[in-house]
4 protein chains.
Amino acid sequence: MSTTTARRRLTREESQAQTRERLINAAQHLFVSNGYGGASIRDIANNAGYSQGAFYSNFSSKEDILLELLRRHMEAEALQLSTVMGNNAQQLEQILAELEAWASTLNQDADWCMLSIELQLHAKRSPTFAAEYQKVWGKHRSEIGSVISLLFEKLGRPAPASPDELAAAFMALSHGLALQRTTDRLDPPGRLIMVFLRGLIASAK
Amino acid sequence: MSTTTARRRLTREESQAQTRERLINAAQHLFVSNGYGGASIRDIANNAGYSQGAFYSNFSSKEDILLELLRRHMEAEALQLSTVMGNNAQQLEQILAELEAWASTLNQDADWCMLSIELQLHAKRSPTFAAEYQKVWGKHRSEIGSVISLLFEKLGRPAPASPDELAAAFMALSHGLALQRTTDRLDPPGRLIMVFLRGLIASAK
Amino acid sequence: MSTTTARRRLTREESQAQTRERLINAAQHLFVSNGYGGASIRDIANNAGYSQGAFYSNFSSKEDILLELLRRHMEAEALQLSTVMGNNAQQLEQILAELEAWASTLNQDADWCMLSIELQLHAKRSPTFAAEYQKVWGKHRSEIGSVISLLFEKLGRPAPASPDELAAAFMALSHGLALQRTTDRLDPPGRLIMVFLRGLIASAK
Amino acid sequence: MSTTTARRRLTREESQAQTRERLINAAQHLFVSNGYGGASIRDIANNAGYSQGAFYSNFSSKEDILLELLRRHMEAEALQLSTVMGNNAQQLEQILAELEAWASTLNQDADWCMLSIELQLHAKRSPTFAAEYQKVWGKHRSEIGSVISLLFEKLGRPAPASPDELAAAFMALSHGLALQRTTDRLDPPGRLIMVFLRGLIASAK
DNA sequence: AATGAATGAGGATTCATTCAT
DNA sequence: TATGAATGAATCCTCATTCAT
């Protein structure tokens, strides 16, 4: 049946990985559009093209797949951050340019932001999940915070609030704007973040 | 038990108003702590001390009580705003003081903010609710926007973004921070908002 | 306020009678279009322009109003029958003409027939109601039966089945056709009944 | 307990078919004795020995199982008709004998007739169901109609009404009589139908 | 690994009925 | 007499999860 150009038969591991991947994608879409509580496992499985049983062969519960999404979410954000910040900028202008690049990635993908909101909401309700969430979120926040910290160091001025607070505020702004998005329509994604960032710099001078 | 000042027997209207009030309070608490989808009518009614039927004597559906909460939410915000802004400030310092007062009311009540988030989430999912939400939210935003507008007028400088955008951004910031609250613990509510506001002013000079 | 031509203020009795009447009418329409089980007391009361409480001031239960409808139903049928048969016909042709007149009244009002069906269905399910139903139905059937009986007497031939059976069969035919009515559309109401009646006569000769 | 001829373990399909069958049987009994509206899914499932969820694994809704009953109902009637009419009768006496056989099957099973009535009632109230019902009922009626048609052809006389009308009338008679059944007790099932049929023949001569 | 029938608890909603007003 | 808020049970249906295949 298989010819020389035939699509290679997937190995067992590859096939399972594919199933997992498809389930994760389906879950992400449904959590974003219906919320964590509004997405049923039946829907996730069907949407991915599998039965409910396949879901339970790959994840132990609904929260388990959310945890997987959390991991990927933060991994992606870390990757983004390291890409943007990776050139070890030392000059003020470079640092600013990097932050601008980062701000434009934020909000770029509204779905990603909505998922972030679902993760936070679920963390508020499930202690077990909250613990996991906290770990990964704290790390992410301090990474952003250290860039902000570096920025004000270069400026030779004290930051108007702790770097962690400012990092959290920028994330908060991004999430809050995502929440308004489908509702309103007046937002060029990361622009407002830069407006605020420039304000902070101006007020530090 | 009854004295000359005995608690007067409630009239029918009063009694019903009390029921309504208790149901609304219970709904608010549960929407905040479990989310709109996670709060069942059974829970709302029981929590208020009534049967499920009593709920349906007072509200036509789950969305109906959310709409009532929306109305109260915005009414309260409008009241807050009008109280704060009511002295018709003309001096720059007065306007700033007013905005500071307003910022400190924001985030004051984390529950109130979480309710706001639930309202926005539900608006994203229910078109009928979205229509109602949009009406009330647009009005609120432009009220805040006009104060911001006045501020930059007095400064004699252009605002770094449209007043509506800035108003939306401040609300977004407030919501995003509320989302982090139970998770983190590093937030003096409206302070960050003022930090950002002062930044805007500084960058306008 | 009231002038000489003013609509006379209803006495208390009249007013109550009016309430009753309106409730009965509403119940009849709803039982016919939704079935006995499908018509709620709330709907009946609202449809009549009253509250649920008004219903219970006039009837002790849902079955109670059905019983009232049963009484009126049979009363109306008896009236119809006596009008049609009242001229004490002695001639064969007269008797036939009377039966024809009766047949055309049958099925004339499809609603009336559907109500009859609801009554029978409820009688099958509620023993207390069945007892009441039986009384009134037996009387009605034997009235029709006696006309049929007279007819065959005049013909000087034995009827092909007992008069009661034949009467029941004609009623059954009428009910069964009503059941098909909204479904199909090929029915000139009482015509088929006469076709069958003439058949009986022909086969008796 | 298990012998060499032990009851074979059911395959998955067999097991599901059994579940379906039991649910269908339970539904039929309950629809007949309580009516469509009066039979709850809880009752159907419990009566069949399953949970409510099992019902929804096999049928998408209450109407869905009624549709299945409709299909089986008409299938059974078609089978009955084809059995009775299968010997390609050409002689008048043979055709009459066949019709007699058919009439005696009618009403034989009062439950079957009550189900027919429930189907018709539900068709009056649910447009979606009505469409399905119409299809199957029209076909059945014209099958019976064609036998009646053949009968009068052999007689060389015009039928006193269109074959379809007469077929519908005989079914109506059968249903109307079923409705009276538990109420009264004076009916030898299909006999009255034959009385009427012979009448039609007599009046055609 | 994947299926999907079956479970049992819980979802929103409607019902007949009661009772203080 | 008539109101309609409140009850509590019952309605149809969906859910996360289990388990034999």
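To find a chain, count down the sequence lines: A is the first, B the second, and so on, and within it residues start at 1. Predicted, not measured: the structure shown is a model, and the values here were computed from it.
Among the heavy atoms of the strands lying under 4.0 Å from A39(C) are primed sugar atoms or P, OP1, OP2 only; no base atom is included. Residue contacts shown for F55(D) are absent, as no nucleic acid heavy atom lies under 4.0 Å away.
Here the nucleotide nearest the side chain of Y56(A), chosen from dT7(F), dT13(E), dT18(F), is dT18(F). The side chain of K62(C) sits closest to dT17(E) out of dA12(E), dT17(E), dC12(F). The side chain of N58(C) lies closest to dA2(F) when the candidates are dA2(F), dA16(F), dC13(F). Side chain of S51(A), nearest nucleotide from dG8(F), dT17(F), dG4(E): dG4(E).
In this model, no side-chain donor or acceptor of Q52(D) finds a partner on the base of dC12(F) within 3.5 Å.
Across the strands present, dT21(F) finds its partner in dA2(E); the criterion is a Watson-Crick or G-U wobble pair with both atom distances under 3.5 angstrom.
The side chain of S57(A) places no N or O atom within less than 4.0 Å of a non-bridging phosphate oxygen (OP1 or OP2) of dA1(E). Residue S15(D) has no polar side-chain atom (N or O) positioned under 4.0 Å from OP1 or OP2 of dA5(E). For N46(C), no side-chain nitrogen or oxygen approaches OP1 or OP2 of dG4(F) to under 4.0 Å.
With 3.5 Å as the limit, one finds no donor-acceptor pair spanning the side chains of Q28(A) and H73(A).
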